[in-house]
Each structure stands twice: as structure tokens, then as C-alpha cells.
Amino acid sequence: MNKWVRAHTNIALIKYWGKENEDLIIPKNNSLSLTLDAFYTDTSVTFDDALTEDELILDGDKQDARTLSKVQRVLDEVRTLAGLESKARIESINHVPTAAGLASSASGLAALAGAASQAAGLDLSDQELSKLARIGSGSASRSIFGGFAEWIKGHDHDSSYAVPVDDAQWDIGMLFIIVNDAKKDVSSRDGMKRTVETSPFYDGWLNSLDADLSAMKQAVSYRDIEQVGQIAERNALKMHATTLGASPPFTYWTAESMKAMDAVRELRKLGYTAYFTMDAGPNVKIICRQSDLSALKQELSKTFEDKQLIAAKPGPGLHLLN
Ligand SMILES: O=C(O)C[C@@](O)(CF)CCOP(=O)(O)OP(=O)(O)O
């Protein structure tokens, strides 16, 4: 009976936005994230000689080949490491509020790395698990760890993996404002590729990252939530600015996103520590004190529906469920 593995999603405070190597998923820069408790994926894998192809059952529905390509990369690497030929059945359940429209590739590919290696009888270190998750999806490399994690960019497969930075057992939280816009987003993979290849703002973004990252690591070590928030918000704004210069230009921001960003600025005027970050979608994530989560939710419910507001606290790293 193969075991179920749980991995939680993470939100980058210093963004990964561009690859040095598309095939190995080696990034242009180091990134730093916070793993959260609210969103996670449970996955179980069975290698079975009777199967003629790999199959993924996600939330009860069999997935098509396109979704499978990220998964296939991880399974193939596990087969190589374990000397296996057989195909695998993957069962995966995403505990992400359906209305959220939140990409769960980070938790999904991290949970897959844990479940597939376990099913193949491999006993991988956290570093090996992080490398395995990375070839599925870059940000998944960070979900192996709880709390704050830094993805060291490296230069090849063996040198590009995440490391734990801080257990985040202090007064930090995140409040999601889910903006349900129908707009079809450019995937993070496609978005960063187009930006790296065509945006004149990309180099400016990249050149500012070393300073952002060292300032962020210092702020985390001092548990300085104001600094963590300020640095994260500025980093996110710079990242999103690069997309406007791409060819063709694009943005993940919608009118609802802007409304949410304005609401965060209003919270600051009320004296709260509240800063936003955004990823490859319209949702806005507020970095705040965990002790303010309910007060902020109450304040924001004057502008947004309750179901749009999801509170999250720091979450654990990859772990077995049974
Ligand atoms: O999470 C961050 O650092 C920032 C982003 O979320 C901003 F959108 C990018 C995540 O990219 P991912 O989905 O990991 O891409 P892949 O490696 O092409 O699969």
C-alpha cells in the first residue's frame, strides 16, 4: 500500500521570474518564499507493470497529456534513479479552495516528488527531493520545506535546490484576496519566457535582485514584518513591471487586482502592517501580522465578499500522511 504525501503551496517574497536553462529549470536568480498552511496537495503514486502509460487522476478526474508533461518529467527522473521501467498511477487531491483559481503546481509537483520517490523505494534527502520537484516546476523546489525557504539558483541539476531559511514561527501571516476574473492568464512558464526574451525591463529587474534578497534575508532574521512586507511588495511590483515591456506586452493585473492593491494601501493608512505580492494571476496576497488576520479580514469584508478572503499562516514542509 503506497503512502500518501502532503506538500503545501508557497508564495514567493523574492520572485523567481526567468530561467537560465529551460530544460533543467535552472533559474536566473535565487528566490525566497513562505510555505503556507492553507493550501496543500495530497498525492499517492503506484508503479504498476500492468499499466501501458502513466496516468494522473487529479481530484477524481483523469488528466490529459498536456497536464501530464510536468508530471512525466518527475516520474522519468524517479525511474532513472530507481532503475524502474514500469508506468505509474498518480492520485492527487488539491486542497485549494475551488473558487480560488489558485495555481497549485508548487504543492502538486512537490507532493509528487515525495510520493513517487517513496513508491519507487528511494529514500531521498530533502536536497534531492527539492531537485526532483524542481524539474517538475521551479517553485515546487521550495515546498519541500516549511516556513521560509530559499531556492539557490545553481548552474546545473545538482546545484539548483532550495534550503530552509527560517521556521516562520513568529507573528507573520498572509491574507489572500481572490479576484475571480475569467481572463485567461498567460502561464507563469510562458510569461517568464516571453519576458526574458523580449522585455527591455528584464535586466533592470534582474540587477536589483541580489540587493532585494539580502535585505529580505536580514529582515526575516530580525523578524521585521514591516521590512519583509516592504521589500516583498517592491519586488513583486518590479517583477510585474517587466511584463508590460514584453512583446507582445501583457499583465496579470485586472481592475479587481488594482482595487485590491488600493485596499491594501488603505489598510496601511489605518496603521496596519499590510503589503501585497502577486504572482502569475490576478489574485492579491497580503503579507501581514498573523495577529492582525481577523481584523484585516473584517476591514476588507467592507469591500470584498467573505469567500474572496482566505487567511493563511506559515505551513509545514513535505510530509507523509500515513
Ligand atoms: O513563485 C515564484 O517565485 C514566482 C512565480 O509564481 C511568479 F509568477 C513564478 C512561478 O513559476 P513556476 O510556476 O514555478 O514556473 P515553472 O518553473 O516554469 O513551472
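We count ligands from 1, going down the list as the structure has it; atoms in each ligand are counted the same way.
- Look at Asp306 and Lys297 and you find no salt bridge, because none of the NZ, NE, NH1 or NH2 atoms lies under 4.0 Å from a carboxylate O.
- Looking only at heavy atoms of the protein, atom 19 (O) of ligand 1 is closest to Ser137 OG, 2.7 Å.
- A salt bridge links Lys131 and Asp158; the closest N-O separation between the charged side-chain nitrogens and carboxylate oxygens is under 4.0 Å.
- Polar contact with ligand 1: present for Gly138 (N/O pair, distance under 3.5 Å).
- Ranking the protein heavy atoms by distance from atom 8 (F) of ligand 1 puts Ala280 N, 3.1 Å first.
- The protein heavy-atom contact nearest to atom 6 (O) of ligand 1 is Asp279 OD1, 3.3 Å.
- Looking at ligand 1, you'll find an N or O of Tyr16 within less than 3.5 Å of one of its N or O atoms.
- Applying the 4.0 Å criterion to heavy atoms of Ala12 picks out, from ligand 1, the atoms 1 (O), 2 (C), 3 (O).
- Residue Arg142 touches ligand 1 through its side chain alone, judged by heavy-atom distances below 4.0 Å.
- Between Arg223 and Asp171 there is no salt bridge, since no side-chain N of the basic residue sits under 4.0 Å from a carboxylate O of the acidic one.
- Remark: ligand 1 and Ser188 share an N or O pair separated by less than 3.5 Å (distance only, no angle test).
- Between Met192 and ligand 1 there is a heavy-atom distance shorter than 4.0 Å.
- For Ile25, every heavy-atom contact with ligand 1 shorter than 4.0 Å involves the side chain, none the backbone.
- Listed by number with element, the atoms of ligand 1 under 4.0 angstrom from any heavy atom of Arg189 are 16 (P), 18 (O), 19 (O).
- If you check the side chains of Asp37 and His8, you find no donor sitting under 3.5 Å from an acceptor.
- Residue, atom and distance of the protein heavy atom nearest to atom 14 (O) of ligand 1 are Ser139 OG, 2.7 Å.
- Salt bridge absent: Arg194 and Glu197 never bring a charged side-chain N and a carboxylate O closer than 4.0 Å.
- Between Lys15 and ligand 1, no N or O atom pair is found at a separation short of 3.5 Å.
- In this structure a side-chain-to-backbone donor-acceptor pair under 3.5 Å is missing from Gln290 to Cys288.
- Trp151 has its ring centre less than 6.0 Å from the ring centre of Tyr16.
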task: Kindly indicate, with the supporting measurements, whether the criterion side chain to side chain donor-acceptor pair (under 3.5 Å) is fulfilled by Thr46 and Arg89.
output: CA-CA 5 Å; Thr46 308; Arg89 177 180 307 104; 5.0 Å; no
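- Contact atoms of ligand 1 toward Lys19: 16 (P), 17 (O), 18 (O) (distance under 4.0 Å to a heavy atom of the residue).
- Between Lys217 and Asp212 no salt bridge is recorded (no basic side-chain N to carboxylate O distance below 4.0 Å).
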